[in-house]
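Have a look at the structure below, then the notes.
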Amino acid sequence: MYRIVTKKVLNPTVTLMEIEAPFVAAKAQPGQFIILRVDEEGERIPLTVAGYDRERGTVKIIFQIVGATTMALNAKEQGEFITDFAGPLGVPTELEGLSKVLIVGGGVGCAIALPIAEALAAQGAEVTSVIGFRNKDLLILEDEFRAASKELFVMTDDGSYGRQGNVCVPINEMLSAGQTFDRVITIGPLIMMKFVTLATKPYGIPCTVSMNPIMIDGTGMCGGCRLTLVQDGKRVTKFACVDGPDFNGYEVDFDEAMSRGAMYRDFEHHKYEEACNLFKKEVK
Amino acid sequence: MAKPNMSLKKNPMPTQEPLVRARNFDEVALGYTEEMAIDEALRCLNCKNMPCVAGCPVNIHIPAFIERIKEGDFEGAYEIIHKTSGLPAVCGRVCPQETQCEAKCVRGIKGEPVGIGRLERFVADYHNAHSDNVPKTAPKNGHKVAIVGSGPSGLTCASDLALLGYEVTVFEALHTAGGVLVYGIPEFRLPKAIVQKEVDNLKAMGVEIMTNMIIGKTLTVDELFGMGFEAVFIGSGAGLPNFMGIPGESLKGVYSANEFLTRSNLMKAYRDDPNTPIMKGGRVAVVGGGNVAMDAARTALRLGAEKVYIVYRRSMDELPARREEVEHAEEEGIEFRLLCNPVEILGYENPEDKRDPKNGFVSGMKCIRMELGEPDERGRRRPIAVEGSEFVLDVDTVIMSIGTSPNPLIKATTAGLEVNRHGGIIVEEATGKTTKDGVYAGGDAVTGAATVISAMGAGKVAAKAIDDYLKSK
């Protein structure tokens, strides 16, 4: 059992938790993920590490309440326990030698982008960050990003905060004005990452994307997290759990990944509704 | 003593009716009664040279335990089996006895061999139902051994070392101990309660089992030595599934057998209102001819499929699954499409509506007929495609069951541990010793996908070698 040391609501749909998991905390690095189960009957879900405290033995996760499992997780309070918490899994984000980096985060993906921005800042790199949200209510981690970045652009789709528009707006402005970066690292919805790669590709800047496909074991056994890279014109199967979750954004077949990600949409929607009804009953 | 039973046939195994069991997840085989067990035991001639024992990867004293059954001393029979096999209730169910002990049985020369596997299962089930005795372990010797993985090789190695007095800790990556016995082999062939019983037995013997520990990630092998473990056994099992490399394998509705079985077995997606989803019903093609393919096909049927095909590129003679599993599958209504190989998986695409929810799901599988040519280097006749013979199989789920490649996590983080070109850990066969001092390995992590009993045999060999190694240190 793993204790929830801290629980903090970041916005109506996003929650931060620190989980006591000393073995994971001792090893975790930016870009890696964990697998958790909320209770004995729960499904296994992967969540990317949003931070860690090696001394306290805690790992920070930030999750969006999108389905039955994240809703059950969100129903747990500080001091309560979850059944399973395993990791760290996946390959850490490659940061060595980078000195000027553009970080692009979208929605809850910003939670994963932040430790990468912080690690880069700590190694003396110049970090420019673009973070995007649907609206002001969903904004998270602005102060933290500001602290880690030389320059920060906050974008909202509806213009209710920061600048109106998607994350590609400032990217296009910077790149067309001649700004250069060693690397672009982007984490967020698949459709956003796809458009970031389309925006950066003409400038030849390496672009790393963090994939978050459906997983079950997460340890290199089931093959459910497979995705296709196009390398030298050949289609190559890779597994996000052991080969990723970071990949060269120019090689990823995003359309396929988006299609696969929607495989259980009906099931998930049904489970979510079911969970909602359950919680409503409990509140009464 | 009763007279020998000279019947040429084994006592048949009572089973659920095929059409009933094809729709439930209860165990197919129901097990012998005491009368059947004694009657079957009386078929054993108690040969002096015991050819059956040599056929057993863990050398169970087969005629000796069968003698006890003849006398009605079922606990005594259990004690004999347990001397050499830590998991009799498992082996009695999933061992391929027909190619091992029973293949050597003298009674098999004329007629059927003694039903050794069925008797082993009977004895183990009798013990589990009647006794809570925990096997006696030697006094603790103060030496610590780490076991990586709680599948058949890891559990066997742990059991043998615990009996010898070692302090054993098993590190399991998943949330439940049992490895392939839990995530891979379905409930209807190996009830999970039986695996749990074996795991509980180990715990009662003082073995510590730590779940959620991914060796190679959470801890490395070198860190285990740093924590005071003096030897490490790696039984991390098979790894990532292979795919064919044909178009359409990333369509929705294409699974690896590992994923399909893990969803159903480990995550209990077969239940009525599961938390982990799985595609149920419809028309299913399982590609491959091994035991795992049979498990996947029969699971799909039980999940409510209207039609299940096994698609295999050679003929029935080459099909590697156990005969008994093939017969069970056929009885249940699974259709074998032999000499047939997939060339493309077809997907649904609505040209009018890009948001049609059916887009991107499997709509069929294009196959080509095969014929058998000259034997290959292993003596199996090579399948050759018959030009122009393509046809489309009408399916909406495809399960690829064509093998696995070893998990890369431990190799990637363990300096000095060498693997062969397939990724399997290199070991000395007689000891399980790897190229790294104090590290032993066995099971699928070494051999690639093989059987439960061969993994257990490897765990046993390694336990003995670890004992010798630590005594000589």
Side-chain angles (χ1 to χ4, degrees), chain A residues 2 21 23-24 26-27 32 34-44 68-69 72 83-91 214-228 235-237 239 241-243 253 255-268 270-271 274, chain B residues 172-176 179-180 183-184 210-214 216-220 223 236-243 245 247 249-263 266-269 271 273-279 347 357 359-361 400 404-409 412:
Chain A
Y2 302 81
F23 283 113
V24 186
K27 280 290 173 65
Q32 290 188 295
I34 57 92
I35 293 258
L36 66 77
R37 283 198 319 159
V38 177
D39 52 46
E40 206 42 68
E41 296 297 316
E43 64 171 339
R44 293 169 68 91
T69 298
T83 310
D84 299 288
F85 195 87
L89 293 156
V91 181
I214 295 171
M215 282 185 193
I216 309 173
D217 67 297
T219 64
M221 187 270 284
C222 84
C225 65
R226 66 190 183 275
L227 48 92
T228 303
R235 295 178 67 78
V236 182
T237 298
F239 300 96
C241 69
V242 292
D243 300 319
D253 182 339
D255 294 341
E256 180 188 286
M258 280 184 263
S259 175
R260 283 183 64 76
M263 180 161 172
Y264 298 105
R265 195 157 46 192
D266 288 350
F267 175 94
E268 284 158 5
H270 167 76
K271 281 310 263 194
E274 218 174 55
Chain B
E172 167 56 46
L174 296 174
H175 56 263
T176 307
V180 72
Y183 75 72
M210 293 183 76
T211 52
N212 295 326
M213 298 294 280
I214 305 119
K217 285 287 177 187
T218 315
L219 289 172
T220 63
E223 283 168 325
S236 52
L240 286 160
N242 297 335
F243 289 88
E249 285 183 298
S250 292
L251 289 164
K252 288 174 277 191
V254 182
Y255 290 97
S256 72
N258 271 9
E259 178 183 355
F260 191 76
L261 291 170
T262 300
R263 282 179 183 273
L266 179 71
M267 306 311 298
K268 305 188 171 65
R271 290 187 180 168
D273 186 24
N275 289 314
T276 298
I278 196 165
M279 285 181 65
N359 283 346
F361 277 91
M400 288 292 173
T404 58
S405 26
N407 190 305
L409 294 183

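Every value quoted in this text rests on a predicted model; they were computed, and no experiment measured them. Numbers restart at 1 for each chain; the letters A, B, ... are given by sequence-line order, proteins then strands. We use all heavy atoms of the structure for the numbers below, so side chains are in, but hydrogens, waters and symmetry mates are not.
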Next on the checklist: Given heavy-atom pairs under 4.5 angstrom as the criterion, report whether the side chain, backbone, both or neither of A/Arg265 touches chain B.
Outcome noted: neither

Next on the checklist: Between A/Arg260 (side chain only) and B/Ser250 (backbone N and O only), is there a donor and an acceptor less than 3.5 Å apart?
Outcome noted: yes

Next on the checklist: For B/Pro277 versus A/Glu43, what's the shortest heavy-atom pair and its separation?
Outcome noted: CD-OE1, 4.3 Å

Next on the checklist: Would you compute the distance between atom NZ of A/Lys27 and atom CG of B/Leu219 and round it to the nearest 0.5 angstrom?
Outcome noted: 5.5 Å

Checklist entry - Are side-chain heavy atoms of B/Met210 and A/Phe23 found at a separation under 4.5 Å? => result yes

Checklist entry - Taking B/Gly216, B/Pro241, B/Pro408, B/Gly360 one by one, which has the highest count of heavy-atom pairs under 4.5 Å against chain A? => result B/Pro241

Checklist outcome for this item: If one checks every heavy atom of B/Met213 against chain A at 4.5 Å, the contacting part turns out to be side chain

Next on the checklist: Quick one: does any side-chain atom of B/Thr218 pair with a main-chain N or O of A/Gly87 as donor and acceptor, under 3.5 Å?
Outcome noted: yes

Checklist entry - Is the shortest heavy-atom distance from the side chain of B/Leu240 to the side chain of A/Met221 under 4.5 Å? => result no

Item to check | Lys/Arg-Asp/Glu bridge criterion (N-O < 4.0 Å) met for A/Arg235, B/Glu249 | outcome: no

Checklist entry - Where on B/Ile278 is there a heavy atom nearer than 4.5 Å to chain A: the side chain, the backbone, both, or neither? => result backbone

Item to check | Nearest-0.5 Å distance, CG of residue A/Leu89 to CD1 of residue B/Ile214 | outcome: 4.0 Å

Checklist outcome for this item: So, the part of A/Tyr264 with a heavy atom under 4.5 Å from chain B: the answer is side chain

Next on the checklist: Need one label for A/Gln32: side chain, backbone, both or neither, based on atoms under 4.5 Å from any heavy atom in chain B.
Outcome noted: side chain

Next on the checklist: Between A/Glu268, A/His270, A/Arg37, who has the most heavy-atom pairs with chain B when the cutoff is under 4.5 Å?
Outcome noted: A/Arg37

Checklist entry - If you measure from CG on B/Asn275 to CG on A/Asp39, what distance do you get to the nearest 0.5 Å? => result 7.0 Å

Item to check | Gap separating the OH atom of B/Tyr183 from the CD1 atom of A/Ile216, nearest 0.5 angstrom | outcome: 12.0 Å

Checklist entry - When heavy-atom pairs shorter than 4.5 Å are enumerated against chain A, which of B/Ala173, B/Ala257, B/Pro274, B/Ala238 gives the highest number? => result B/Pro274

Next on the checklist: Is it the case that the side chain of A/Asp84 and the backbone of B/Asn212 share a donor-acceptor pair, with hydrogens and angles ignored and the cut-off at 3.5 Å?
Outcome noted: no

Item to check | Under 4.5 Å from any heavy atom of chain B - which part of A/Ile214 | outcome: side chain

Checklist entry - At what distance, to the nearest 0.5 angstrom, does CE of B/Met267 lie from CG of A/Asp217? => result 10.0 Å

Checklist entry - Contact part of B/Leu174 toward chain A, heavy-atom cut-off under 4.5 Å: side chain, backbone, both or neither? => result both

Checklist entry - What option among A/Gly42, A/Ala86, A/Cys241, A/Ala26 has the most heavy-atom pairs under 4.5 Å with chain B? => result A/Ala86

Checklist entry - Are the side chains of B/Val254 and A/Arg226 in touch, meaning some heavy atoms are under 4.5 Å apart? => result yes

Next on the checklist: So for B/Thr220, is it side chain, backbone, both, or neither that comes closer than 4.5 Å to the heavy atoms of chain A?
Outcome noted: both

Checklist entry - Side chains of A/Ser259 and B/Lys252: is there a donor and an acceptor less than 3.5 Å apart? => result yes

Next on the checklist: Donor-acceptor pair, distance only, cut-off 3.5 Å: does the side chain of B/Thr262 make one with the backbone of A/Cys222?
Outcome noted: no

Checklist outcome for this item: Residue from B/Thr176, B/Leu261, B/Asp273, B/Thr211 scoring the most non-hydrogen pairs under 4.5 Å with chain A is B/Asp273

Item to check | Atom group of A/Thr83 that falls short of 4.5 Å from chain B, counting heavy atoms | outcome: backbone

Checklist entry - With side chains defined as the heavy atoms from C-beta onward, is the minimum distance between B/Arg271 and A/Glu41 less than 4.5 Å? => result yes

Next on the checklist: Which atoms of B/Phe361 are under 4.5 Å from chain A, going by heavy atoms: the side chain, the backbone, both sets, or neither?
Outcome noted: side chain

Checklist entry - Checking B/Glu223 against chain A: side chain, backbone, both or neither under 4.5 Å from a heavy atom? => result side chain

